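Below: the structure, in structure tokens.
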Amino acid sequence: MRILFAINGMLCGGKERRLTELMKALVNMPGIHFELVIMNSEIYYKEVLELNIPIHYLIRKGKKDFFMFSRFYSLSKSIKPDVVHCWDSMTAVYLAPVCQILSIPLINGMVVDTPVQRNILNKHWLRARITFPFSQRITGNSKAGLEAYHAPADKSVAIYNGFNFERLNNVLAESEIKKKLKVEDALLVGMVATFSDYKDYNSYFTAAKILLRKGINVVFCAIGDNTDSNNAHQLIGEEFMPHFRCLGKISDVESFVNAMDVCVLSTFSEGISNAILEYMALGKPVVATLGGGTNEIVMHNETGFLVPAANPMALAEKIELLLLDKTLRLTMGNAGKNRVREHFSIQKMVSGYLNIYNHYKKGSNFTEKPEKA
């Protein structure tokens with residue numbers, strides 16, 4: 001079985017983590033050979049380099065580099081894969097015509113969110129409309145995402161992110177992290193997400209300030225790209241900065257999550273969030289925005305709380321409830337960890353993808369239809 005994986009880049013992100021874990025699981029499986037093509041030379045997940053697999057760097061020269069079609073064509077023709085699996089909308093655009101010409105099945109894995117804007121002004125929505133007709137399978141990491149993109153039901157397969165618990169083997173002690181952050185005597189609330197238009201840090205920071213004005217002994221943490229930027233600091237305000245730890249992008253995220261008492265994800269649109277999986281795998285209660293794939297992982301009132309989007313008051317209320325009730329924090333955290341083990345294991349994710357790949361293995365009599373989203 002020969003597979004060509006294609007992704008815009010292996011930077012720090014959810015789909016990149018998912019592909020990394022999948023390749024780590026596949027690399028030692030007999031009868032499977034795969035290669036990776038990326039359009040960015042930077043690789044954040046260094047485990048990829050340790051796999052000793054062929055990596056092809058097709059670097060774009062600008063956003064409208066039409067020569068990329070011919071480069072993808074030449075590479076695909078040379079490798080002769082049984083199947084091509086793209087992981088984002090841009091590689092889907094390049095590979096849809098290439099796979100059509102070469103008669104290679106295309107697995108379109110661009111559905112990783114639940115778009116709010118569902119028209120051609122959303123570039124990913126437009127690319128979905130262009131590439132879905134030429135894709136043999138469309139995978140999404142949430143049922144909500146597939147439905148939002150209007151993916152054809154007979155082609156759609158929902159495969160949840162899988163969490164690899166081996167990532168927690170070297171997690172640092174909670175006391176060590178709290179000492180590093182100088183919050184030994186305070187409760188710690190945290191949110192792990194890039195500071196961008198797609199994540200609602202404004203509601204998170206506003207909720208934090210509501211609780212700080214009540215005099216609760218708590219420190220709020222923000223981890224992710226640009227969370228240490230001037231824009232983030234301006235949203236917080238000078239008065240409250242002593243009660244915040246804006247750490248930017250860090251490598252040992254799991255250790256910092258392990259030190260948190262309550263974990264938050266305030267957002268506008270989400271598939272299955274790797275951050276939430278990390279929270280729950282580490283036994284932390286979650287307060288997250290209602291909607292999208294988040295509804296499929298967080299069980300309201302059981303593993304945490306779901307609150308309406310852009311509602312700082314509701315967010316603050318649920319965070320406060322958890323801060324004031326240690327027993328509730330522990331109960332919800334344990335329920336979350338059990339849910340990840342049962343429904344979001346790395347084995348389940350890998351099996352889901354293998355089921356699709358085997359369908360297109362040359363000479364295979366595999367006839368099973370994909371599970372509908």
Side-chain angles (χ1 to χ4, degrees), residues 1-38 43-56 79 81-88 91 105-112 136-142 157-171 251 253-254 271-278 280-282 293 296-297 337-362 364 366 368 370-371:
M1 181 71 187
R2 299 177 65 84
I3 307 166
L4 178 61
F5 292 120
I7 192 168
N8 188 44
M10 290 301 293
L11 304 177
C12 181
K15 62 180 178 291
E16 293 86 356
R17 166 58 72 183
R18 199 154 30 105
L19 175 55
T20 298
E21 294 296 343
L22 175 61
M23 293 191 296
K24 284 164 62 177
L26 294 179
V27 71
N28 293 318
M29 288 188 178
I32 294 181
H33 172 83
F34 60 87
E35 302 186 21
L36 174 67
V37 55
I38 59 178
I43 294 181
Y44 175 81
Y45 295 107
K46 302 305 180 185
E47 304 104 300
V48 173
L49 300 174
E50 298 169 2
L51 297 176
N52 295 318
I53 61 169
I55 300 177
H56 308 274
I79 295 174
D82 294 302
V83 66
V84 170
H85 187 174
C86 65
W87 287 72
D88 51 53
T91 51
L106 175 63
I107 299 171
N108 190 334
M110 65 162 284
V111 179
V112 296
Q136 277 62 51
R137 289 289 181 268
I138 301 161
T139 64
N141 67 343
S142 72
V157 189
I159 300 176
Y160 289 139
N161 299 11
F163 186 86
N164 187 349
F165 276 86
E166 291 181 3
R167 291 168 53 190
L168 308 183
N169 290 344
N170 299 313
V171 165
S251 56
V253 175
E254 294 88 353
I272 294 294
S273 164
N274 276 334
I276 291 180
L277 284 180
E278 290 170 358
M280 292 169 61
L282 281 156
E296 297 169 43
I297 178 171
K337 182 185 292 187
N338 291 335
R339 179 162 173 76
V340 172
R341 288 190 184 279
E342 183 176 352
H343 297 285
F344 299 90
S345 69
I346 197 71
Q347 293 81 8
K348 276 198 171 221
M349 185 188 80
V350 173
S351 295
Y353 286 120
L354 280 174
N355 184 52
I356 298 174
Y357 301 151
N358 286 333
H359 187 86
Y360 297 103
K361 185 177 180 180
K362 287 185 173 66
S364 172
F366 193 84
E368 181 181 338
E371 180 184 351

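Fair warning: this is a prediction, and the values are worked out from it, not measured in the lab.
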Item checked: Candidate pair Ile55 and Leu49, rule side-chain contact (heavy atoms from CB on, under 4.5 Å), full reasoning -> CA-CA 9 Å; Ile55 300 177; Leu49 300 174; 4.1 Å; yes

Next item on the list: Kindly state whether the ring of His85 and the ring of Phe34 have centres lying under 6.0 angstrom apart.
Entry: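 Distance test on ring centres: not under 6.0 Å, no.
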
Side chains of [X] and [Y], heavy atoms from C-beta outward: is any pair under 4.5 Å?
X      : Y      : answer
Glu166 : Ile346 : no
Tyr44  : Thr20  : no
Met10  : Leu19  : yes
Ile297 : Asn161 : no
Val83  : Met1   : yes

Note to self: As a quick check of understanding, evaluate side-chain contact (heavy atoms from CB on, under 4.5 Å) for Met29 and Leu26, giving each step before the final call.
What the structure shows: CA-CA 5 Å; Met29 288 188 178; Leu26 294 179; 3.8 Å; yes

Kindly give the heavy-atom pair with the smallest separation between [X] and [Y], and that separation in Å.
X      : Y      : value
Leu22  : Trp87  : CD2-CZ2, 3.7 Å
Gly293 : Ile272 : O-CD1, 3.2 Å
Met349 : Ile159 : O-CG2, 3.7 Å
Val112 : Asn141 : CA-OD1, 3.6 Å
Cys86  : Leu106 : SG-CD1, 4.0 Å
Ala158 : Ser142 : CB-C, 4.4 Å

Item checked: Asn169, CG atom: more than 12 neighbouring heavy atoms under 6.0 Å ->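 Yes, enclosed.
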
Item checked: By salt bridge (Lys or Arg N to Asp or Glu O under 4.0 Å) - contacts of Glu21 (at least two apart) -> Arg17, Lys24

Item checked: Non-neighbouring partners of Glu35 that pass salt bridge (Lys or Arg N to Asp or Glu O under 4.0 Å), sequence neighbours left out -> Arg2

Pairwise distance [atom1]([X]) to [atom2]([Y]) - rounded to 0.5 angstrom:
X      : Y      : atom1 : atom2 : answer
Asp82  : His33  : CG    : NE2   : 10.5 Å
Gln347 : Leu354 : CD    : CG    : 12.0 Å
Ile7   : Ile38  : CD1   : CD1   : 8.5 Å
Met23  : Ile3   : CE    : CD1   : 11.0 Å

Next item on the list: Measure the acute angle between the ring planes of Tyr353 and Tyr357, then classify it against the limits of 30° and 60° as parallel, tilted or perpendicular.
Entry: parallel

Notebook entry, point to check: Given His359 and Arg137, is the side-chain contact (heavy atoms from CB on, under 4.5 Å) satisfied, shown in steps?
Noted result: CA-CA 10 Å; His359 187 86; Arg137 289 289 181 268; 3.6 Å; yes

Margin query: Could you check whether any side-chain N or O of Tyr45 sits under 3.5 Å from a backbone N or O of Gly13, counting only pairs where one atom can act as donor and the other as acceptor?
Written below: yes

Checklist line | Side chain Asn274, main chain Gly14, donor-acceptor under 3.5 Å | finding: yes

Note to self: The test is side-chain contact (heavy atoms from CB on, under 4.5 Å); show your working for Leu51 and Leu36 and say whether it passes.
What the structure shows: CA-CA 11 Å; Leu51 297 176; Leu36 174 67; over 6 Å; no

Next item on the list: Identify which one of Lys337, Arg339, Arg341 satisfies the side-chain contact (heavy atoms from CB on, under 4.5 Å) criterion when paired with Met280.
Entry: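 For Met280, the side-chain contact (heavy atoms from CB on, under 4.5 Å) check succeeds only for Arg339.
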
